[in-house]
Amino acid sequence: MELRKPYCDRRFESTAAATLRNNGAAKGTTMTLSDQPVRVRIAPSPTGYFHLGSARTALFNWLYARHTGGKFILRIEDTDRSRFVPGSLQDIMDSLAWLGLDYDEGPGVGGAYGPYFQSERLPLYHEWAERLIEAGHAYRCYCTAERLDALRAEQRANKSHVIGYDRHCRTLTRAERAELAASGATSVVRFAMPMEGETHFTDLLRKIKPFDNNQYRDPVLLKSDGFPTYHFANVLDDHFMAITHILRGDEWLSSVPLHVNLYAALGWEVPAFAHLPLILDPSGEGKLSKRKKKGEGDEELLTHIREYREAGYLPEAMFNFLANMGWAYSPDTDLFTRAQAIARFDIADINPAAGALPLSKLQWMNGHYIRELSPEELTDRLLPFLSRASGRPEAELARHPGLPYVAPLVAERLKTLDEAWPWVDFVFQDHIVYDPALLIPKGLDAAGALAALQASRRLLAELPFAEAELDPALRGLADRLGLKPGQVFGILRVATTGKNVAPPLFGSFMALGQARVLARCAEAEKLLETRMAI
RNA sequence: GCCCCCAUCGUCUAGAGGACCAGGACACAGGCCUUUCAAGCCUGGUGCAGGGGUUCGAAUCCCCUUGGGGGCACCA
């Protein structure tokens with residue numbers, strides 16, 4: 001079996017070995033990118049808040065850098081001035097920090113390969129565009145947007161197999177060029193893609209068939225506003241930033257031949273590619289970013305990291321969850337720490353198949369991580385959410401005597417932090433409002449409920465007000481009244497919390513304090529008396 | 001339409017020709033526990049898309065079909 005497969009057979013080859021071959025070590029190059037320390041990057045554009053899919057890509061890049069002891073770089077692709085969204089750069093940085101994905105080079109950190117904003121690298125792109133033009137690998141195109149639109153429309157109408165630019169300006173004569181340039185017509189720079197042959201490349205995760213060059217149309221390198229397109233800036237920057245591995249979304253796969261030919265025209269070595277599986281909408285229909293659809297239930301589907309943060313997801317849960325999509329830490333468990341993930345992560349283990357976002361698993365996982373928090377830690381994390389829900393300052397809530405009781409009361413009941421307030425609002429409210437009918441449990445009438453309430457209040461007034469005392473005392477009382485404990489507890493639950501579904505009763509009592517428990521019982525008695533009088 | 005990628009329970013996944021009548025997790029169902037709701041514990045059902053090969057042996061390798069996804073911009 002001497003047949004050499006173009007695909008990396010994982011049994012015999014490490015990722016590094018595959019990378020080596022991918023990068024042309026066979027050609028006898030003495031120093032290839034794969035000999036260099038790992039340098040990976042993410043290159044989000046500040047055109048919106050940091051996306052969940054971008055976060056997963058960032059996470060895999062970060063894991064690979066940390067696993068190999070390499071560098072993780074943040075580069076901002078701010079080449080589309082029309083789509084720039086103020087605040088999105090800050091959101092990208094905040095989201096990365098929140099997820100704990102620290103970068104070694106980039107905005108706010110610096111580094112030896114800067115600048116890390118593409119808008120600050122314009123001279124570089126212009127210089128190399130000129131070189132490509134001189135070498136005959138690129139040319140100026142004077143076609144208008146209108147012409148291009150009409151061209152595409154016509155191609156679609158004719159059911160043309162190839163849709164895109166017709167290379168009109170590629171064959172312009174020297175005189176025609178001079179005339180157009182002199183007329184002041186705006187132009188872009190296009191890459192002269194090979195019109196024949198095929199482009200071969202390898203991917204660390206998939207088996208790639210060669211692409212026919214003739215299905216590609218000469219892509220724009222430099223836009224008429226002087227900014228580079230993604231294709232150009234990305235190739236130049238990855239080269240000059242010494243990027244060794246490109247881990248990016250699968251949606252880029254079909255533009256790799258463009259990039260590979262650009263690298264070739266430039267005479268540069270091609271980094272290793274790993275195109276990551278896309279995260280699909282929870283329904284499995286389409287890329288997550290494409291449309292903002294409804295998620296499970298009637299909740300709106302969250303697509304930005306900041307939305308998950310605001311909804312009360314924990315960064316440790318988010319990290320675990322994201323790393324668990326397309327990659328698995330262990331066959332036996334889905335739960336793992338950052339350190340564990342770093343220790344085991346390998347590009348070759350990424351599952352190439354796109355997958356639907358398993359939101360219910362995220363909710364479970366978040367609940368799990370909430371329950372792992374100490375009561376003090378959970379209290380700290382809950383405070384901003386309680387404040388937001390109640391409209392009261394955090395400092396005021398922090399001073400509330402009931403606050404320390406809250407975390408243990410809700411920990412087992414939460415999937416997200418923002419669910420806490422409805423469970424414990426009664427602790428912070430001066431008055432509770434509820435339907436008096438709730439005070440009457442099954443099998444009892446108003447008079448019976450009133451009697452139980454009065455007896456309970458007398459008992460609660462005398463008892464040492466400690467959780468361990470309350471339970472046996474009230475059970476004894478129920479027994480003496482000929483009631484089930486659940487009946488008495490139910491009446492007291494409604495009287496003190498205003499709800500028939502609430503946290504455990506005696507913990508709630510402690511959160512309220514004896515005085516308020518007694519007062520609420522008395523109020524409930526009045527409600528029952530009123531009701532009976534009608 | 002053309003090109004490319006992908007394919008294991010409903011969903012996320014383990015699986016590297018024999019250790020697989022396919023393992024874990026979420027979700028779901030039943031039970032236990034129980035003062036409500038949860039949490040926790042136990043049990044259960046459900047899957048290798050289909051068809052051809054290769055092989056003594058295929059979830060695993062090859063081909064075809066089907067299905068899903070992505071791309072085809074002066075957006076990234």
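We name chains A, B, ... by the order of the sequence lines, and we start the count at 1 in each one. Note that the structure is predicted; figures quoted are calculated from it, not measured.
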With rounding to the closest Å, how many angstrom separate the [atom1] atoms on [N] and [M]?
| N | M | atom1 | answer |
| --- | --- | --- | --- |
| B:A59 | B:A22 | C1' | 8 Å |
| B:A27 | B:G44 | C1' | 14 Å |
| B:U46 | B:G24 | C1' | 15 Å |
| B:G40 | B:C48 | P | 30 Å |
| B:C21 | B:A29 | P | 30 Å |
| B:C6 | B:U65 | C1' | 16 Å |
| B:G68 | B:C12 | P | 15 Å |
| B:G1 | B:A38 | P | 49 Å |

[X] has a side chain; which of [options] sits nearest to it?
| X | options | result |
| --- | --- | --- |
| A:Arg475 | B:G70, B:C75, B:U34 | B:U34 |
| A:Lys361 | B:C12, B:U34, B:A76 | B:C12 |
| A:Asn351 | B:C37, B:A14, B:A25 | B:A14 |
| A:Arg493 | B:C74, B:U36, B:C5 | B:U36 |
| A:Asp250 | B:C5, B:U13, B:U36 | B:C5 |
| A:Ser360 | B:A7, B:A27, B:U11 | B:A27 |
| A:Ala356 | B:U11, B:G70, B:A25 | B:U11 |
| A:Glu412 | B:C6, B:A39, B:G70 | B:A39 |
| A:Asp80 | B:A76, B:G70, B:C74 | B:A76 |
| A:Phe211 | B:U13, B:C6, B:C4 | B:C4 |

Give a yes/no on whether any side-chain N or O of [X] is located under 4.0 angstrom from OP1 or OP2 of [N].
| X | N | value |
| --- | --- | --- |
| A:Lys499 | B:A38 | no |
| A:Arg190 | B:C74 | yes |
| A:Arg152 | B:C2 | no |
| A:Lys223 | B:A73 | no |
| A:Thr47 | B:C75 | no |
| A:Lys287 | B:G71 | yes |

For [N], give its Watson-Crick or G-U wobble partner with both distances under 3.5 Å, or none.
| N | result |
| --- | --- |
| B:C72 | B:G1 |
| B:U11 | B:A25 |
| B:A38 | none |
| B:C61 | B:G53 |

Regarding [X] and [Y], is there a side-chain donor-to-acceptor distance under 3.5 Å anywhere?
| X | Y | result |
| --- | --- | --- |
| A:Asn320 | A:Tyr369 | yes |
| A:Tyr139 | A:Asp218 | yes |
| A:His275 | A:Arg248 | yes |

Report task. Select from A:Val162 and A:Pro504 the residue whose nearest nucleotide in RNA chain B is closer to the 5' end of that strand. Result -> A:Val162
Query raised in the report: Between A:Ala353 and A:Gly490, which has a closest nucleotide on RNA chain B that is more 5'?
Result: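 Its nucleotide being nearer the 5' end, the pick is A:Ala353.
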Mind checking if [X] touches a base, just sugar-phosphate, or nothing, with heavy atoms under 4.0 Å?
| X | result |
| --- | --- |
| A:Gly249 | nothing |
| A:Arg371 | sugar-phosphate |
| A:Pro44 | nothing |
| A:Asn324 | sugar-phosphate |
| A:Ile163 | base |
| A:Thr79 | sugar-phosphate |
| A:Leu278 | sugar-phosphate |
| A:Tyr165 | nothing |

Could you tell me the separation between the [atom1] atom of [X] and the [atom2] atom of [N], rounded to a whole number of Å?
| X | N | atom1 | atom2 | value |
| --- | --- | --- | --- | --- |
| A:Leu222 | B:A73 | CG | P | 19 Å |
| A:His161 | B:C72 | NE2 | C1' | 13 Å |
| A:Leu89 | B:A76 | CG | P | 17 Å |
| A:Leu205 | B:C5 | CG | C1' | 11 Å |
| A:Asp471 | B:U36 | CG | P | 12 Å |
| A:Phe336 | B:U13 | CZ | P | 12 Å |
| A:Trp423 | B:A38 | CH2 | C1' | 6 Å |
| A:Arg248 | B:C5 | CZ | P | 16 Å |

Query raised in the report: Does the separation of the ring centres of A:Trp128 and A:Phe232 fall below 6.0 angstrom?
Result: no
Query raised in the report: Do A:Trp421 and A:Phe385 have their ring centres less than 6.0 Å from each other?
Result: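 That pair fails the under 6.0 Å test.
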Presence of donor-acceptor pair under 3.5 Å, side chain of [X] and base of [N]:
| X | N | answer |
| --- | --- | --- |
| A:Lys209 | B:C4 | no |
| A:Arg206 | B:C5 | no |
| A:Ser224 | B:C74 | yes |

Report task. Please indicate whether A:Lys415 has more than 12 foreign heavy atoms, meaning atoms of other residues, nucleotides or ligands, lying under 6.0 Å from its NZ. Result -> no
Query raised in the report: In terms of heavy-atom contacts, does NZ of A:Lys484 have more than 12 from other residues, nucleotides or ligands at under 6.0 Å?
Result: no
Which word best sums up how the rings of [X] and [Y] line up, parallel for under 30°, tilted for 30 to 60°, or perpendicular for over 60°?
| X | Y | value |
| --- | --- | --- |
| A:Trp252 | A:His259 | tilted |
| A:Tyr216 | A:Phe211 | tilted |
| A:Phe509 | A:Phe465 | parallel |

